[in-house]
2 protein chains.
Amino acid sequence: MPRAKSSVTIADVAREAGVSTATVSRVINENAPVSAATAMRVRAAIERLNYRPSAAARGLASRRTHLIGLLAEEISAPFFAPILRGIEKGAREAGLGLLIHCTQGTPAANSGYRRPLGPHNTDGILVFAGGLQEEELVYLTSLEFPVVLLHRSPPDSLDIPAVTVENKRGARELVRHLIEVHGYRRIAFLRGPEGHEDSYWREQGYREALAAADIPIEPQLLAYGGFDQKIAQQAVTAWLEQGVKPDAIFAGDDEAATGTIMALQAAGLRVPEDVAVVGFDDVYLAHPLMPPLTTVHVPIEAVGREGVRELVRLIAGGEPEPLTLLPTELVIRRSCGCQEEA
Amino acid sequence: MPRAKSSVTIADVAREAGVSTATVSRVINENAPVSAATAMRVRAAIERLNYRPSAAARGLASRRTHLIGLLAEEISAPFFAPILRGIEKGAREAGLGLLIHCTQGTPAANSGYRRPLGPHNTDGILVFAGGLQEEELVYLTSLEFPVVLLHRSPPDSLDIPAVTVENKRGARELVRHLIEVHGYRRIAFLRGPEGHEDSYWREQGYREALAAADIPIEPQLLAYGGFDQKIAQQAVTAWLEQGVKPDAIFAGDDEAATGTIMALQAAGLRVPEDVAVVGFDDVYLAHPLMPPLTTVHVPIEAVGREGVRELVRLIAGGEPEPLTLLPTELVIRRSCGCQEEA
DNA sequence: TTGAAAGCGCTAACAT
DNA sequence: ATGTTAGCGCTTTCAA
């Protein structure tokens, strides 16, 4: 019969088992020697009373919440789900709870003493991209509070560990493939959002690949795609209307690649016969009705997992790993002009 | 200058402001009268010291964590992201933190005194579909602990508030459209996973619509689609190989509709000219390269939002609303045979 | 290996 | 309107 309402405390268990509360605590936390017989009695008492330790009391006494936080700007598929899955899995395996909070462009709420996530309620936090302003990062660092950045590098002079992916290398290989295998020379690039690091490095990779092939950058082949299907569609449509017709379009990400393909198809152009299109992220391959897209695989879930791993290390007082750069991988399908194998 | 490491406590603030800790507490919680002048001094002291109340101490003393939990089986796009967004938004607006945990088929971890979510660390929880075993629901209910079910109805004899959508009505209207507007009579249905409530009610809606039109159920037109693209594809392929060719296929959900369309196209059949296809959920409309799918819109994000609203009501001691049934809405596009308007 | 007891930082009576 | 103080339920020295 479960006891109703008023909760069972460690003192109840201690009484039931005929030991002190300290001993019960030791059995629960397994952090001090307890004789097998005693432990058994305690566990039986816990079971019998259906005792569950109060997280608040534990946290107050031990100064450990066993919680980690995730701060993001917004919950947006398709990128958010896999990274969250990685984080949740990592947290679960480390025996930590996961507290999540989105800023949703409400940085105002994140001020004063009402902070959503921080030392007052977690043992450490994960910050996804722009989930936290630099000022607060500075503050948390001064407290030596564990923070790990995801898909974002630390502000200058702050050495906060970051986990991200090889955007530049992935983009470079992708564009190199277009040049070397297909002989394309007029390769357009659709930029992602301003200030978005993934976007920045992908552009660098694009530039490096062109430079390596001695192909000059044509400014008119650079446009804003915003990592967004609609924006990319408009950008490509605008090109077409101006008579700009590249050999290939590197859309910046898969979302933009979708918009690119739509714009091309709407103009009666075939992909890849008339214009090749490549994306980045490899999140839409799941969608079978899209022309098989050549893209760069990004290990999104792994970023979450590695982020937790690093955070756990910091919490344990271990040496920080300044930068974890996860590998990206070229995924050749059909939209670049290759014949996909069956 | 922020103080490093050792955290600022309410006593520090009280001293700095020249008041008692009780007064500081009153200012923070705004739950008792404090003179404007005093409040100002306290706030200034809080600001100066960069004080942030310890969640653990607050929780221990007040027996409120200001946290709600979300329990799910797994984090799977595309359904999870919107519902999470609704929940997170609701929690944020209510000033509550959100703790999430997935069971991932590890019910074992959810036993003994190491429960991920419950009265020991939250003020109430949201259970998405099969996120929690019946036994634990019974236990939590006996404690009068606030629980709200999402996309799942309570076990017999347990009156736990639930929030879900009008699956039956949506399916009925959808099939009625196929019958009345298009005159289809051989309408196939692809079932979702066994024990999945959405699936169950959609089938009921399908049956009701057929019954209302005096069309007998043809057992061979019922198959298992598993709310899964691959499984649906196989099921439809199997039909085709057996020479079963329905007028229309209600795929159970959009995911299965995708597989259905693939199977049809692979067999050289056109949608909707040769076979009409309809889905449910309206999650893929975002994907522009798919033939515009006639489906039923499910307000996924609203389920999350309403779930939080109900949970907040329970936590505040309000009257429970046993069942919140959110409306679904028929979305006519092209895959049923209609001419979509521009 | 075990127990006693002093906090952890806050809230909520109860006084005044 | 404000202060005093007794806990909240645990962990963690310190002793034994």
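All heavy atoms count here, side chains included; hydrogens, waters and symmetry mates do not. Every chain is numbered from 1 and lettered A, B, ... according to where its sequence line falls, protein lines coming before strand lines.
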Open item on the list: Measuring to OP1 and OP2 of C:dA4, would you say a side-chain N or O of A:Thr21 lies under 4.0 angstrom away?
Closed with: no
- [ ] State plainly whether the residues B:Glu88 and B:Arg92 are in salt-bridge range, i.e. N to O under 4.0 Å.
- [x] yes
Task: Electrostatic pair B:Arg313-B:Glu321, nearest N-O below 4.0 angstrom - done: no
Task: Shortest side-chain distance from A:Ala22, nucleotide among D:dT2, C:dG3, D:dG9 - done: C:dG3
Task: Atom pair distance, as rounded to whole Å: CZ in B:Arg52 and P in C:dC10 - done: 13 Å
- [ ] With the side chain counted from C-beta on, respond yes when A:Ile68 and A:Val312 share a heavy-atom pair under 4.5 Å apart, and no when they do not.
- [x] no
TODO: Describe the nucleic acid contact of B:Val24 in one word from base, sugar-phosphate, nothing, applying a heavy-atom distance below 4.0 Å.
DONE: nothing
- [ ] Return no unless some side-chain N or O of A:Tyr113 is found under 4.0 Å from OP1 or OP2 of C:dC10.
- [x] no
Open item on the list: Is a donor from one side chain sitting under 3.5 angstrom from an acceptor on the other, for A:Arg52 and B:Asn121?
Closed with: no
Open item on the list: With each end axis built from five pairs of C1' atoms, what bend angle do you get for the helix from C:dT1-D:dA16 to C:dT16-D:dA1? Round to 10°.
Closed with: 30°
Task: Polar side-chain atom of B:Arg305 near backbone of B:Gly86 as donor-acceptor pair, under 3.5 Å - done: no
TODO: Take atom CZ of B:Arg64 and atom P of C:dT11, then tell me their distance rounded to the nearest Å.
DONE: 12 Å
Task: Integer-rounded Å distance: D:dC10 P and B:Arg58 CZ - done: 20 Å
Open item on the list: On DNA chain D, compare the nucleotides closest to B:Arg26 and A:Leu60; which residue's is nearer the 5' end?
Closed with: B:Arg26
Open item on the list: Does D:dC10 have OP1 or OP2 under 4.0 Å away from a side-chain N or O of A:Ser62?
Closed with: no
Task: Distance-only donor-acceptor test, B:Arg63 side-chain atoms vs D:dG9 base atoms, 3.5 Å - done: no
Task: With A:Arg152, the side chain to side chain contact (heavy atoms under 4.5 Å, CB included) member among A:Leu137, A:Val163, A:Asp198 - done: A:Leu137
Open item on the list: Categorize A:Thr23 for me: base, sugar-phosphate, or nothing, with a 4.0 angstrom heavy-atom threshold over every strand shown.
Closed with: sugar-phosphate
- [ ] May I ask you to decide if B:Ala57's main-chain N or O and B:Ser54's side chain share a donor-acceptor pair within less than 3.5 Å?
- [x] yes
TODO: Round to the nearest Å and state the distance from B:Arg15 atom CZ to D:dG3 atom P.
DONE: 14 Å
Open item on the list: Measuring only between side-chain heavy atoms, which start at C-beta, is A:Leu132 closer than 4.5 Å to A:Ile125?
Closed with: yes
Open item on the list: Please confirm whether the shortest side-chain N or O distance from A:Ser54 to OP1 or OP2 of D:dC10 is below 4.0 Å.
Closed with: no
Task: Value in whole Å for how far the P atom of C:dA13 lies from CG of B:Asn29 - done: 13 Å
Open item on the list: Output the rounded distance in Å from NE2 (B:His120) to P (D:dC10).
Closed with: 11 Å
Open item on the list: If the cut-off is 4.0 Å, is B:Thr9 near the phosphate of C:dG9, judged by side-chain N/O to OP1 or OP2?
Closed with: no
Open item on the list: If I take atom CD1 in residue B:Ile46 and atom C1' in nucleotide C:dC10, what distance separates them, rounded to the nearest angstrom?
Closed with: 13 Å
TODO: Would you mind reading off the distance between B:Ile10 atom CD1 and C:dC8 atom P, rounded to a whole angstrom?
DONE: 14 Å
